[in-house]
Amino acid sequence: WDAAYERELQTFQDIGDAGEIWFGEESMVRIIRWLEKQKVPLDSSILDIGTGNGVLLIELAKSGYTNLTGIDYSPSAIQLSEKVREKEGMPNIKLKVEDFLVPSAELLGFEICIDKGTFDAISLNPDNAVGKRKQYVRSLCSALKPGGFFLITSCNWTKEELLNEFREGFEILEELPTPKFCFGGRIGNSVTALVFQRK
């Protein structure tokens, strides 16, 4: 990931392109629309897990949210998101290098946690993926307040699989609509987007 974000950092410095938006623009719109529909207060503490280039946080800030934190374990990703934040004039967004699987003591009490692809990336780790997924759920339980919301967008996991992964400590609130496709007479989704609530 460091190498990928170093390339994106160089591209941003060269031409001002912030790089890849995981799952596209509509994934950010879907999240913001849900927050607005739920009338989530604009000062709610929001954590973007695996923030990458930080573009989701910029969009949240443009929508009026004021208490935003982004973490990524890649220092290059955080450098890139700092440059994007600076260009967009959003100095209040907090960004830090942080490994979500080994969270620091101050990573707690968030009202909303958002994940677009980070759980997917952790799930693909060749070293003890099952243990890392379990650790992710433990980290999420400590980062998110009881009653808080967890919004996850995944291209690796079905709704049923995610319900199973997050069964301890979380309950499903709703599935967000994502683009559908039809293949061989069956309808499916290439992306799953769910909202959980911490018990």
Checklist line | From CA spacing to verdict: side chain to side chain contact (heavy atoms under 4.5 Å, CB included), Val84, Met90 | finding: CA-CA 9 Å; Val84 173; Met90 304 278 182; over 6 Å; no
Answer whether the closest heavy-atom distance between the side chains of [X] and [Y] falls below 4.5 Å.
{"X": "Ser81", "Y": "Leu57", "answer": "no"}
{"X": "Leu47", "Y": "Leu107", "answer": "yes"}
{"X": "Ile152", "Y": "Trp157", "answer": "no"}
{"X": "Phe100", "Y": "Tyr136", "answer": "yes"}
{"X": "Lys116", "Y": "Ile31", "answer": "yes"}
{"X": "Ser27", "Y": "Val191", "answer": "no"}
{"X": "Glu59", "Y": "Val29", "answer": "no"}

Next item on the list: Show your reasoning for whether side chain to side chain contact (heavy atoms under 4.5 Å, CB included) applies to Leu140 and Phe166.
Entry: CA-CA 10 Å; Leu140 185 61; Phe166 292 95; 3.8 Å; yes
Check: Considering all heavy atoms of both residues, which atom of Val97 and which atom of Pro75 are nearest to each other, and what is their separation?
Finding: CG2-CA, 3.8 Å
Note to self: I need the minimum non-hydrogen distance between Thr192 and Thr178, along with the two atoms involved.
What the structure shows: C-CG2, 4.5 Å
Could you grab the distance from atom [atom1] of [X] to atom [atom2] of [Y], nearest 0.5 Å is fine?
{"X": "Thr153", "Y": "Leu162", "atom1": "OG1", "atom2": "CG", "answer": "10.0 Å"}
{"X": "Leu163", "Y": "Glu161", "atom1": "CG", "atom2": "CD", "answer": "10.0 Å"}
{"X": "Leu151", "Y": "Ile32", "atom1": "CG", "atom2": "CD1", "answer": "11.0 Å"}
{"X": "Leu144", "Y": "Lys199", "atom1": "CG", "atom2": "NZ", "answer": "13.5 Å"}
{"X": "Ile49", "Y": "Phe119", "atom1": "CD1", "atom2": "CZ", "answer": "11.0 Å"}

Next item on the list: Determine the sole option in Lys134, Arg133, Lys159 for which the salt bridge (Lys or Arg N to Asp or Glu O under 4.0 Å) test with Glu165 is passed.
Entry: Arg133
Check: Under 4.0 Å between a Lys/Arg side-chain N and an Asp/Glu carboxylate O for Glu106 and Lys94?
Finding: no
Note to self: What I want to find out is whether Glu88 reaches Lys62 closely enough, with some N-O distance under 4.0 Å, to be called a salt bridge.
What the structure shows: yes
Keeping the roles fixed (side chain from [X], backbone from [Y]), state whether a donor-acceptor pair exists under 3.5 Å.
{"X": "Glu111", "Y": "Ser45", "answer": "yes"}
{"X": "Gln197", "Y": "Gly147", "answer": "yes"}
{"X": "Arg30", "Y": "Pro177", "answer": "yes"}
{"X": "Asp115", "Y": "Gly117", "answer": "yes"}
{"X": "Glu98", "Y": "Ser104", "answer": "yes"}

Check: Name the one of Ile93, Ile114, Thr66 that satisfies side-chain contact (heavy atoms from CB on, under 4.5 Å) with Ile46?
Finding: Ile114
Notebook entry, point to check: Considering residues, nucleotides and ligands other than Arg138, do more than 12 of their heavy atoms fall under 6.0 Å from its CZ?
Noted result: yes
Notebook entry, point to check: Between Trp34, Phe170, Phe110, which is the residue that forms a ring-ring contact (aromatic ring centres under 6.0 Å, His included) with Phe149?
Noted result: Trp34
Note to self: Please tell me whether Thr51 and Asp72 have a donor and an acceptor in their side chains that are separated by less than 3.5 angstrom.
What the structure shows: no
Note to self: Could you check whether Ser139 and Gln135, counting side-chain N and O atoms only, form a donor-acceptor pair closer than 3.5 Å?
What the structure shows: yes
